[in-house]
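Encoded as structure tokens, the structure appears first; notes follow it.
All values below were derived from every heavy atom in this structure, side-chain atoms included, with hydrogens, water molecules and symmetry-related copies excluded. Residue numbers start at 1 and run along the sequence shown. Start at 1 and go down the list; that is how both ligands and their atoms are numbered.
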Amino acid sequence: MAHVLLGASASVAVYKACDLASKLTQRAHVVRVILTARAAELVNPQLFEAVTGQPAHVDEFGAARHAAMDHIELARWGDVLVIAPASADLVGRLANGIANDLLTTVSLALAQNKPRLIAPAMNPVMLLAPAVQRNLRQLREDGWRVLEPDEGTMACGDVGPGRLPEPVRIADVLESMLVR
Ligand SMILES: Cc1cc2nc3c(=O)[nH]c(=O)nc-3n(C[C@H](O)[C@H](O)[C@H](O)COP(=O)(O)O)c2cc1C
């Protein structure tokens, strides 16, 4: 059993994050979800609270605040961080050490010895854009395990790499990282 921080950003694949949260909870992990503000426009945080039984976070300012400094509290609480799905935007912010929302700030505040997994999901043209490839390389160098996206037909109709892998696979990879 682990304390899992599950981050999700505003990709069309964010609906799978709910299934991932549910599967990890069923596997006896305690899951706290952090959504970007844009992700919370696509899917309501309350849904994650319902499947995990834990608070879901979007912001740490004002009424949204849970503790004195949610970013430190959450980073200390988590044994492992998984971000699925990760948008091109989030990948870029993480690769450049930008901490302008709760999810990116928690990612920076997470101790270096804790495993971190990221699953990018986006249109194939976006995925293969030099800036995105450069940012993914940077994340690998910085100690992230980057899960290769699946190939297939995207929501937009394009065919190629960029699909978020199925939640059961993400959960398996995450657990293999915990064992190590
Ligand atoms: C319905 C919808 C689906 C989107 N899907 C993706 C996606 O799969 N991957 C991606 O990188 N961006 C996608 N975007 C664009 C991102 O939402 C946008 O870049 C946003 O600024 C990302 O914010 P965040 O990283 O803070 O969540 C989508 C936008 C919309 C409106």
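Residues of the protein with a heavy atom under 4.0 Å from ligand 1 are Ser9, Ala10, Ser11, Val12, Thr36, Arg38, Ser87, Ala88, Asp89, Leu90, Arg93, Ala121, Met122, Met126, listed by chain and number.
Met154 belongs to no multi-residue hydrophobic cluster, having no ILVMFWY side-chain contact under 4.5 Å with any other such residue.
Residue pairs meeting the side-chain hydrogen bond (donor to acceptor under 3.5 Å, both in side chains) criterion with at least one member in residues 60-69, sequence neighbours excluded, are His57-His66, Glu60-His71. Evaluation of the side-chain hydrogen bond (donor to acceptor under 3.5 Å, both in side chains) test over residues 99-111, restricted to residues two or more places apart or in two chains, returns Arg93-Asn100, Arg93-Asp101, Asp101-Thr104.
A salt bridge links Arg27 with Glu175; the closest basic N to acidic carboxylate O contact falls under 4.0 Å. With respect to the salt-bridge test (charged N to carboxylate O, under 4.0 angstrom), the residues Arg169 and Glu148 do not qualify.
The residue from Leu81, Val91, Leu136 that alone fulfils the side-chain contact (heavy atoms from CB on, under 4.5 Å) condition with Trp144 is Leu81.
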